[in-house]
Every structure is written in C-alpha cells, then in structure tokens.
Participant: 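One structure follows; several queries about it will come next.
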Amino acid sequence: MKQFISVNDVRKIDTLVLSALAYKTNPLSDKSLGLNKRIGCLFLNPSMRTRLSTQIAAQNLGMECIIFNVGQEGWALEFEEEAIMSGNTVEHVKDAAPILGKYFDILAIRTFPSLKNREDDYSELYIKQFIKYAGIPVVSLESATLHPLQSLTDIITITEELNKWESSRKPKIVLTWAPHVKPLPQCVANSFAQWVNAWGRSDFVITHPEDYELSEEFTKGATIIHNQEEALKNADFVYVKNRSTYNDYGKSYTNDAKWQLKNKRWAVTNNAKVMHCLPVRRNVELSDEILDGEMSIVTQQASNRVWAAQAVLAEILRTPLP
Ligand code: CP
C-alpha cells in the first residue's frame, strides 16, 4: 500500500480487517517492523481518537510518532498553485511538504472541509498537495470528504460482531442522519457508505430527511429511504451520524428531534447494535438511553481505531518504496 486516502487504496478489505483483528489479539507481534522509522502526524484540525490511536499503533510497530498541530502551532499553509501570498498564508505546501518528506517515512494528515465551496472541498486539494510534494506515503487522518481509518474501524467492529453470530446471513446495516446544532462535514457518512458498498457483505440502507442526499459517488449500491422508522425495520447495525447537506452545500436545514434515536424507535430493529464515530452530542444526536444501553458498541468501535491504524501502517511499512 503506497498511500491510504480512501477504500480505493486497499487491495482486499477482508485482509486488512484480519490483520487488524490479529493485532488486537497480539498488539506487539510486529514490534520491530517500524524500527528506526518515523511517522509525522499533522493536524490542521482537532482530534482525540485519531491522534491517540495512530500514535499507539505506530508505537506498537516500533515507530517513532511525532505529532504537529499545524492548525495551532504551525505557519499558515497555502495550497493553491501560483498563489500570490499577500494574505494570511505564510508558507506554501510545495515548500513545506518536501521537508516533511525528508523528516519522516510516513506522513499522516487531518484536514477538514470549509463547507463553503463544494468544488473546492471535493477536489481534496490539501491532501493531494501533500501527496504531490511530500514524496513519501501519505495517510489520511480524515480529509475534506472522507475518513478512511474510521471506516476501516467500522468494518472491523461489524466483523467482530458478525463473528459472534451463529448464522451466516447478510446483516442489515442502516446509516441514519441525526440532528445536530451546527453543520458538520459529510466525511464520515461518505466514507462509511463507500466502504460498506465496497465490502459488499450487507443489505445497506441509508436514511435521512429529504434534501440530505449524499454524493452518489459514495452511496451507489445502497437503498435510500426517507422514513427513518421504515429504514430501521430489522436492522442489525445502526450507524448514527449527523452531516450537512451535499446538494445545497454545507447547510443544516433542520434540527428535527424526531430523528434522534430513542428506545421506542429501536423496537423495530433486530436488536441492533448502535455505532457512532464520536464525539457525539448527547441528547441532540443520540439519546442517553441508546448510548448507555446494551445496544451501544461505540466504545468497542473507538478502541478498534488502534488496530485499524496499526494494520494500515504495517501494510505501508511492508510495501517497498519505488
Ligand atoms: N472519530 C474521530 O475521528 O474522532 P476524533 O475526531 O477525536 O479523532
């Protein structure tokens, strides 16, 4: 694996999942794989799980991990080609990235979308410029449109649960929109849809209010239902995530509490497990009774972030450089 930006960089999802689950059983089985190697994790935006799980994963592989909070501590970066840098940006990515490529063996980056201009956000300029100029493998710690380490974690967690089943039937997975107080990126929902579709081992349903369609680039293959209760019928896994609109870009039309899941609505599911990438706004996005109930696997899910990151870093370390 030369980079990890989306599911398209993965040869076989199941192989990566098996590798992650093996690391969960034996975290230090490859403790020399990354010896004398260094990963730089650049954060242009805040994080808890991604930052810490990647750091632990690197350490488990014997790698040194250096975190740089570019957004707070670094020079403001310019990403546009041929920019006249007379504004707030101080350093161009084409000057910074090659230096980072000399300091590190792997570069990992978190950026968020502006949610102002869809074309700009969906061009993934920031991460693409790092790939273009760093000259070393780049890992997405969440980009403007996708969150692949989260989605790999989600498939790992679902697989773990399926391994407990006696039946080999396909699970029904539902991705549901939830209310929020502000417009959020579409990354987690886009990425989850992209990975579940590529994985191809479920009946996949997406439910959201009218006008909250995601890009078909990611959802193609899923069934879209606007009635949440109908969508949840016989669900085995329910993934809850707010996001802003894609078509009329970056808007939040509604904060309708009817979409906040509670025990009453859960009754139509097949005793489903609830998933959320976290952080979650309690009693806005998701009720206490669901988050604290037996159906919640959000802590298991977040803890699996380590094994997802470890499987990806190991795969990159094993790939010979050109
Ligand atoms: N789920 C997730 O990416 O969490 P953080 O924003 O805390 O990294």
Side-chain angles (χ1 to χ4, degrees), residues 4-7 16-17 20 24 39-60 65-73 106-115 121 124 126-127 138-158 160 173 175-178 180-196 214 218 237-244 273-282 284-286 290-291 296-313:
F4 186 73
I5 306 303
S6 83
V7 76
L16 210 49
V17 170
K24 186 167 183 169
I39 179 171
C41 293
L42 269 58
F43 286 86
L44 282 82
N45 300 92
S47 164
M48 183 178 91
R49 280 144 290 267
T50 308
R51 172 181 168 146
L52 297 176
S53 61
T54 307
Q55 203 166 5
I56 295 166
Q59 282 174 359
N60 285 348
C65 177
I66 295 181
I67 306 272
F68 182 29
N69 293 313
V70 189
Q72 292 161 14
E73 295 153 4
I106 299 176
L107 194 58
I109 297 147
R110 165 168 282 200
T111 69
F112 280 172
S114 68
L115 292 182
D121 288 343
E124 290 284 13
Y126 285 20
I127 205 145
V138 171
V139 172
S140 168
L141 300 172
E142 188 169 354
S143 66
T145 65
L146 294 170
H147 196 351
L149 279 174
Q150 179 65 54
S151 309
L152 171 58
T153 303
D154 301 334
I155 301 288
I156 291 165
T157 309
I158 291 169
E160 255 185 335
I173 300 176
L175 170 64
T176 180
W177 182 88
H180 203 282
V181 290
K182 59 179 203 174
L184 295 188
Q186 293 119 38
C187 314
V188 170
N190 281 343
S191 197
F192 185 71
Q194 186 188 45
W195 279 72
V196 171
L214 291 164
F218 307 114
F237 296 91
V238 179
Y239 201 103
V240 180
K241 187 69 186 102
N242 170 271
R243 59 189 159 73
S244 57
K273 299 292 183 193
V274 68
M275 302 176 72
H276 190 290
C277 63
L278 305 180
V280 61
R281 292 209 183 215
R282 279 177 175 258
V284 176
E285 254 190 295
L286 203 44
I290 296 287
L291 273 167
S296 173
I297 54 171
V298 297
T299 305
Q300 173 190 346
Q301 185 186 355
S303 70
N304 283 338
R305 292 293 307 268
V306 173
W307 319 118
Q310 195 164 335
V312 167
L313 295 183

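Keep in mind that this is a model prediction, so the values were computed, not measured. Whatever order the structure lists them in is the order used to number ligands and atoms, beginning at 1.
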Participant: So, using ring-ring contact (aromatic ring centres under 6.0 Å, His included) as the criterion, who are the partners of Tyr126 when residues are at least two apart?
Facilitator: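 Residues passing ring-ring contact (aromatic ring centres under 6.0 Å, His included) with Tyr126: Phe79.
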Participant: For the residue pair Ala20 and Ala308, what are the closest heavy atoms and their distance?
Facilitator: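 Reported closest heavy-atom pair: CB-N, 4.2 Å.
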Participant: Report yes or no: do Glu124 and Thr145 form a side-chain donor-acceptor pair below 3.5 Å?
Facilitator: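 There is such a pair (donor and acceptor under 3.5 Å, judged by atom type) between the side chains of Glu124 and Thr145.
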Participant: Under 3.5 Å, is there a donor-acceptor pair between the side chain of Ser244 and the main chain of Pro183?
Facilitator: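 Looks like no, no N/O pair under 3.5 Å.
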Participant: Non-hydrogen atoms closer than 4.0 Å to ligand 1: which protein residues do they belong to? List them by chain and number, please.
Facilitator: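 Residue list for ligand 1: Ser47, Met48, Arg49, Thr50, Arg110, His147, Gln150, Cys277, Leu278, Arg305.
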Participant: Quick one: does any side-chain atom of Asn45 pair with a main-chain N or O of Phe112 as donor and acceptor, under 3.5 Å?
Facilitator: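 Yes, because the side chain of Asn45 sits within donor-acceptor range (under 3.5 Å) of the backbone of Phe112.
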Participant: Which distance, rounded to the nearest 0.5 Å, do you find between the CG of Leu107 and the CD1 of Ile127?
Facilitator: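 The CG atom of Leu107 sits 9.0 Å away from the CD1 atom of Ile127.
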